[in-house]
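Structure, as structure tokens:
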Amino acid sequence: MSTSTATANSHPGLNLGPSHGEAHEQAETVVFGFWVFLMSDLVTFVMFFATYAISIQATAGGPGNADIVDIASIGMQTGALLISSLLFGIATVTMKHGSTPRRVIGWLLASLVFGLCFLGLEVRDFIDAAEKGAVPMRSGYLSAYWALVGLHGLHVTVGSIMILVVCAQIAIFGFAADVKTRVLRLGLYWHFLDIIWIGIFSIVFLPGILT
Amino acid sequence: MEQFIFGRLGWDDIAIFDVFRDPTASNIVGSSAGWLAVIGGVITLALLLIRGWWKPLLFDWLNTTDHKKIGIMYIVVGLVMFARGVAEGVVMRSQYATAYQGGYLTPDHFSELFSTHGTIMIFFVLMPFLIGFMNLLVPLQIGARDVAFPRLNQISLGFTIVGAMLLMISLVVGQFATGGWTGYPPYTGVAFQPGTGPDYWIWSLGLSGIGSLLTGLNFAVTIYKMRCPGMTFLRMPIFVWTALCTSILLVFALPPLTAVIIMQALDRYLDFHFFTNDLGGNMMNFANLFWMFGHPEVYILILPAFGLYSEFTAIFSGKRIYGYMSLVIATMAIAVLSFTVWLHHFFTMGQSPTINVAFGIATMLIAIPTGVKVYVWIATLWGGRIRMRTPIIYLAGFIFYFSVGGYTGILLANPTINFTVHNSQFVVAHFHNVLLPGTLFAVLASIYVWFPKFFGFRLDERWSAATAWLFIIGFTFAFMPLYIVGLMGMPRRSPAFDDPAYVPYMIVTMGGALCVLTALGCLIGTFVVSARRREALAVPGGDPWDGRTLEWATPAPVPAWNYAFIPQVHGPDAFAAEKAHGTAYAIDCPSYEDIELSPTSWIGLTIIVFGTALGFAMVFWIWWLAILSALAILIHAIGLGFLRDKEEIVPAQVVEATERAWLDGARQGPLTDRRDEVTSQNRGYAARIPEA
Amino acid sequence: MSDRDKRARDLRMYFIGFAAAVALTALSFLTAILQPFGPAGVFAALSILAFAQVLVHFRYFLHIDLSRQKREDLHLILFTGLIIAIMAAGTIWILGNLMMRMM
């Protein structure tokens, strides 16, 4: 089978390399499969982006884009996501180069902390918006806004839970082959959410502060 | 408290009691269907318990991750739902036969019938059939032992069954949607349908959609990464190509459905305003998003069928497929173009003519690759030594009627014509005209062709042929008249009509529907008769039709490990080439090795049980049950990462014994003359083993 | 190359990516806050910056490049790009047109 011919770079994303043996061979198939899932998920997001784009004027007299953007908070959220991504990257690199499970878990948890910072700020923004009467039941625009930003938030929440799950797996099984490929996939997921976030701040938030 | 435990579920929702409350004709029909489902369920359960069949069901089938068994289960689900779908079709036709200024069904009941009929036929008949065949054939045809992610495959099946279960439950408890299979809001919104109908629609489609998406992912990866040595892309059988394109369509076309269902659910459950009439909702976006999924879906339904036709046309013409490259290119062209035409489902929504023309042209473009395919099949038949078996009967019906369907498709692709015939019976005739001969006939023919491969005996030729003729004739009378009444102006989805001129046509279509019902009975009869005669029909050699691709180079039924050795391929139509060169069965085997099977799993059953509970609970607002069910699924899914799989090893001796028995058969067994193909002479050996 | 060097090289990827992403994000935010160009210019600038940042993330975090071994995956991503372009552009075209005609 073609999996036996795994080369140094057998799949997109960080490759463990042939020295990781079984994990690297498995990764070719599972990571490719995970990419297919990510691309499918991207299309789901695009549907929500497109719906948002056509709903901008559907405010029905309620709060609009400019009324709910707190640019400082968005800046901090972006920063938190980027730092979290960087830390996750460091975790995968150290795992690849033979760090101890304990240290890798440390990096992962550090990444999780910034992810949770992001979520905290986002929830605070949602509560602020709700207090201003910008609830999703108010208008088509706000429905699209809450659904798009909320969907991303939901993904980050799922990712955060999965970081805990993966940490537990590393603690129990050490760097078993399937645990290692799971870390790789979770890393892709985590970085992928950044890309969605670029779309969100460029399409949803920044245009909101234009005069 | 009662509200907490039962949500909005009350005694009035038990639809099978309607007949006692108010015994009108409409209620009698509706409740009888519900009672049939209940009685069928009880009988099945009783048989499972009394005969002890629950044990093999649980431990051989529901926990297996073997792609062949999963494929068979998909097809069984499809057949069960097919019976219901056909029955509903017959009831609707009987309504039309009496519908001149009346009819015996209430409008609401009629709407529910066409909504469930469409939903069932598309999502729970044709898709399970085709995904079932993908499961059965793709790993074998690319020389693999299983799909890339066997457990994920079981999860997909689980979600499909959940959707089908919810539809069956909707017969007994509550009511299904009356908004058609497309479920357009605002009619399906809370304001107009506060009941359970659209919620059933949301959860059965939403949950089964997850399964389809995962299937697409699984097969895309399988075909990309699991091909055996030498199986380059351009040596893959056509069916694998169509399966690949279908998988890609599933991966990219299901997300719009997921998105639109999430939005509709938010509208209905949390009072969002995506598609409502008021507060900035835009129901036109529903049509837009839905058909972004819906049109590729049409090709999800037809491309694998094209693949199946290509495979058995070559087999029963006794020659290789004509124009392999052009078929591959045409398949890919259709797959890509299918993403560019969704607007032709709503030409009349009010957008500018420029947009309509653009999408009209894109639609007509699809006729080119499709036409190429029809010519390819004709050219394959041309000059071949055609054997008039059942599949060729279906093929003949297909080529003729599919061309008719294609031409009417081009008519409908023209926005100006579309304006005059949209929402008429003409459209009903058109899509039945492409989906029945296109997909259903392909599936029925393929059941005939590949049944012996997986069960070890052929289907009875006379019963199969009779089934084929009955389906073709029934189809003709049930749907061809609809073109005419459509042009006369009869609307679709209308429970009654006022023009007496339609009456004769409606009586003819009623006759056609009864003929289709007979054909369904005949299909069931085929299985019964063949099972009784299975000794005479046995084909242990596994190659009853002188097949061309790798899957025929295995015993029948195919052993759990598929291949004792991963095959090495040197060209297209690998097995046919081997037989031509006299090297078939010449397996050079120094020593057999232990084979590791994909481990069993219970996640599929968890999804079936708790997924159904989740959907049901959400429909009836039983929040505690919904939360518990969702948690059960999540915990099991996360738990999979913590459980180490128990490896299931087939010892080398077992593999060797099976393989030797098969090869000995090839050495001694009578070689089948193609003229004796449908007699008991056929033991499934088309070529003798070369003397060592 | 020793394992230490390889590790440093792998890490450098992430640091470069992080620095570039931070810089591009900052530029985006500054563009929106200061609005140095007209409305059309701002939107164009935001789109270009966002696109550039997406490329940076793909290159340095997700390690997608043009090397031969990764072609299959690049095809996957480009095909996805095509599909989402069709779907997003189509939606905006159709629904925008409908909105205009209902004014």
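As the structure is a computational prediction, the values presented were derived from the model and not from experiment. What you see below is based on every heavy atom in this structure, not just the backbone, and it leaves out hydrogens, waters and symmetry mates. So that the names make sense, note that chain A is the first sequence line, chain B the second, and so on, each numbered from 1.
Residue contact with chain C, scored on non-hydrogen atoms closer than 4.5 Å, involves the side chain of B/Ala358 exclusively. When heavy atoms are compared at a cutoff of 4.5 Å, B/Val251 does not approach chain C at all. Proximity to chain C (any heavy atom under 4.5 Å) is shown, for B/Ile355, by both the backbone and the side chain. Proximity to chain C (any heavy atom under 4.5 Å) is shown, for B/Pro255, by neither the backbone nor the side chain. Both the backbone and the side chain of C/Ile94 have a heavy atom closer than 4.5 Å to some heavy atom of chain B. Neither the backbone nor the side chain of C/Met100 comes within contact range of chain B; no heavy atoms are under 4.5 Å apart.
Shown here are the ring-ring contact (aromatic ring centres under 6.0 Å, His included) partners of B/Phe419, two or more places apart in sequence or in another chain: there are none.
By the 4.5 Å heavy-atom criterion applied to side chains, B/Phe252 and C/Ile84 are not counted as neighbours.
Rounding to the nearest 0.5 Å places CG of C/Leu95 at 6.5 Å from CE of B/Met284. The structure places CD1 of B/Ile248 at 9.5 Å from CD1 of C/Ile83, a figure rounded to the nearest 0.5 Å.
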Between these two chains, chain C and chain B, I want each donor-acceptor atom pair under 3.5 angstrom written on its own line with its distance.
| from | atom 1 | to | atom 2 | distance (Å) |
| --- | --- | --- | --- | --- |
| C/Glu72 | OE1 | B/Lys225 | NZ | 3.3 |
| C/Thr91 | OG1 | B/Asn288 | ND2 | 3.2 |
| C/Asn97 | OD1 | B/Ser352 | N | 2.8 |
| C/Asn97 | ND2 | B/Ser352 | OG | 3.4 |
| C/Arg101 | NE | B/Gly350 | O | 2.6 |

_side chain to side chain contact (heavy atoms under 4.5 Å, CB included), that's the test. Do C/Leu82 and B/Phe339 meet it? Break it down for me._
CA-CA 10 Å; C/Leu82 173 72; B/Phe339 284 104; over 6 Å; no
